[in-house]
Amino acid sequence: MNKKLAAALSGGAVLVLTLSGCSDDSDNKVNDWAKKVCDQVQPQLQKIANANASIQQQTADNSKPADVQATDSAAFQQISQAYKALGTAVHSAGAPPVDGGETTQKEAVKELNASSAAYAELKTKVDALDTEDQAEFADGLKGIADELNKISTNGDQALKKLQSGEVGSAMAKQKGCQKPTGSASPAPAPSGSADKPASPSATVKA
């Protein structure tokens with residue numbers, strides 16, 4: 001019942017996950033800016049990858065609704081916190097030293113914060129699902145998966161702009177902005193026995 005959700009999450013747009021290496025020589029100031037951002041980005045990308053992996057692991061047809069709910073809730077909170085931290089990283093780095101850099105930075109930060117709020121809302125909705133009624137729970141997950149698709153397909157223009165041109169080339173060269181390897185057994189592994197949410201900090205609201 002969680003497969004559609006896992007598929008939607010894995011298709012989500014994530015800052016700099018789509019960046020590929022680029023050999024163009026960029027201005028040193030742009031490279032310095034990219035390093036400042038990317039040094040803070042990598043831990044957050046790993047959190048998102050781990051959260052995605054935890055949902056992927058909880059996709060068996062015989063998974064208990066309560067286990068799925070706990071896993072998804074923890075994963076959404078983790079992703080929400082990661083997006084919030086990504087927004088903070090881009091904000092604290094200042095505007096990239098390129099034409100229109102300030103506008104691009106502000107739009108990217110706005111978008112990242114909006115994604116953080118959207119995932120926090122998904123966590124709230126997952127927590128509210130009735131795990132006693134498996135059919136109703138499955139329908140609820142389908143609705144959440146549809147919302148995930150909207151999050152991933154809408155409102156990512158600012159991030160794409162940030163990842164384009166000179167700034168994108170500089171970020172692509174930074175190890176911290178390159179896609180982390182998927183974790184088969186994520187650090188906050190809420191896989192099979194999730195009697196309680198395995199959230200890193202369950203009381204924190206994004």
Side-chain angles (χ1 to χ4, degrees), residues 5 8-20 30-55 72-126 144-145 147-180 182 186 188 199-201 204-206:
L5 195 65
L9 181 58
S10 64
V14 179
L15 176 66
V16 299
L17 282 187
T18 58
L19 287 174
S20 57
V30 178
N31 285 331
D32 290 344
W33 182 91
K35 187 177 190 308
K36 191 183 297 184
V37 172
C38 294
D39 284 350
Q40 300 178 67
V41 161
Q42 186 62 31
Q44 307 311 323
L45 296 186
Q46 192 63 60
K47 285 181 183 178
I48 292 171
N50 288 350
N52 190 3
S54 71
I55 289 181
D72 293 353
S73 175
F76 287 147
Q77 176 161 315
Q78 191 164 322
I79 294 172
S80 173
Q81 292 171 341
Y83 270 112
K84 188 73 173 177
L86 287 172
T88 299
V90 175
H91 174 75
S92 64
V98 294
D99 291 341
E102 185 174 350
T103 299
T104 299
Q105 178 214 20
K106 286 181 178 178
E107 289 300 318
V109 171
K110 180 181 178 181
E111 201 168 283
L112 287 163
N113 287 339
S115 292
S116 173
Y119 278 103
E121 179 66 20
L122 288 182
K123 176 191 176 338
T124 299
K125 290 184 177 181
V126 166
I144 289 172
E147 290 193 43
L148 262 178
N149 281 322
K150 291 179 184 177
I151 293 172
S152 66
T153 55
N154 295 336
D156 63 346
Q157 294 306 309
L159 295 184
K160 287 180 180 177
K161 187 173 181 180
L162 184 67
Q163 296 176 58
S164 66
E166 192 178 3
V167 173
S169 296
M171 293 174 77
K173 288 191 242 179
Q174 299 296 327
K175 186 177 181 180
C177 276
Q178 293 169 7
K179 187 175 182 179
S199 172
S201 51
V204 176
K205 289 281 185 183

Minimum heavy-atom separation for [X] to [Y], with atom names?
X    : Y    : result
A82  : I48  : CB-CG1, 3.6 Å
I151 : A118 : CD1-CB, 3.6 Å
S54  : A75  : OG-CB, 3.8 Å

**Request:** Mind telling me whether Y83 and Y119 have parallel, tilted or perpendicular rings, with 30° and 60° as the class edges?
**Result:** parallel

**Non-neighbouring partners of K35 that pass salt bridge (Lys or Arg N to Asp or Glu O under 4.0 Å), sequence neighbours left out** = D39

**F76 side chain near T124 side chain, heavy-atom distance below 4.5 Å** = no

**Asked** Does S116 reach the main-chain N or O of Q81 with its side chain, forming a donor-acceptor pair under 3.5 Å?
**Response** no

**Complete:** Those residues at least two apart in sequence (or on a different chain) that pass side chain to side chain contact (heavy atoms under 4.5 Å, CB included) with E147 are L122, K125

To the closest 0.5 Å, what do you measure between [atom1] ([X]) and [atom2] ([Y])?
X    : Y    : atom1 : atom2 : answer
K123 : Q78  : NZ    : CD    : 12.0 Å
S115 : I79  : OG    : CD1   : 10.5 Å
K47  : Q77  : NZ    : CD    : 10.5 Å
I144 : N149 : CD1   : CG    : 12.5 Å
D72  : L148 : CG    : CG    : 9.0 Å

Under 3.5 Å, sequence neighbours excluded: what are the donor-acceptor pairs made by side chains of residues 85-102?
{"unit_1": "T88", "atom_1": "OG1", "unit_2": "K84", "atom_2": "O", "d": "3.1"}
{"unit_1": "S92", "atom_1": "OG", "unit_2": "T88", "atom_2": "O", "d": "3.0"}
{"unit_1": "S92", "atom_1": "OG", "unit_2": "A89", "atom_2": "O", "d": "3.1"}
{"unit_1": "E102", "atom_1": "OE2", "unit_2": "K106", "atom_2": "NZ", "d": "3.2"}

**Message:** M171 vs C38, test: side-chain contact (heavy atoms from CB on, under 4.5 Å). Steps then yes/no.
**Reply:** CA-CA 7 Å; M171 293 174 77; C38 294; 4.2 Å; yes

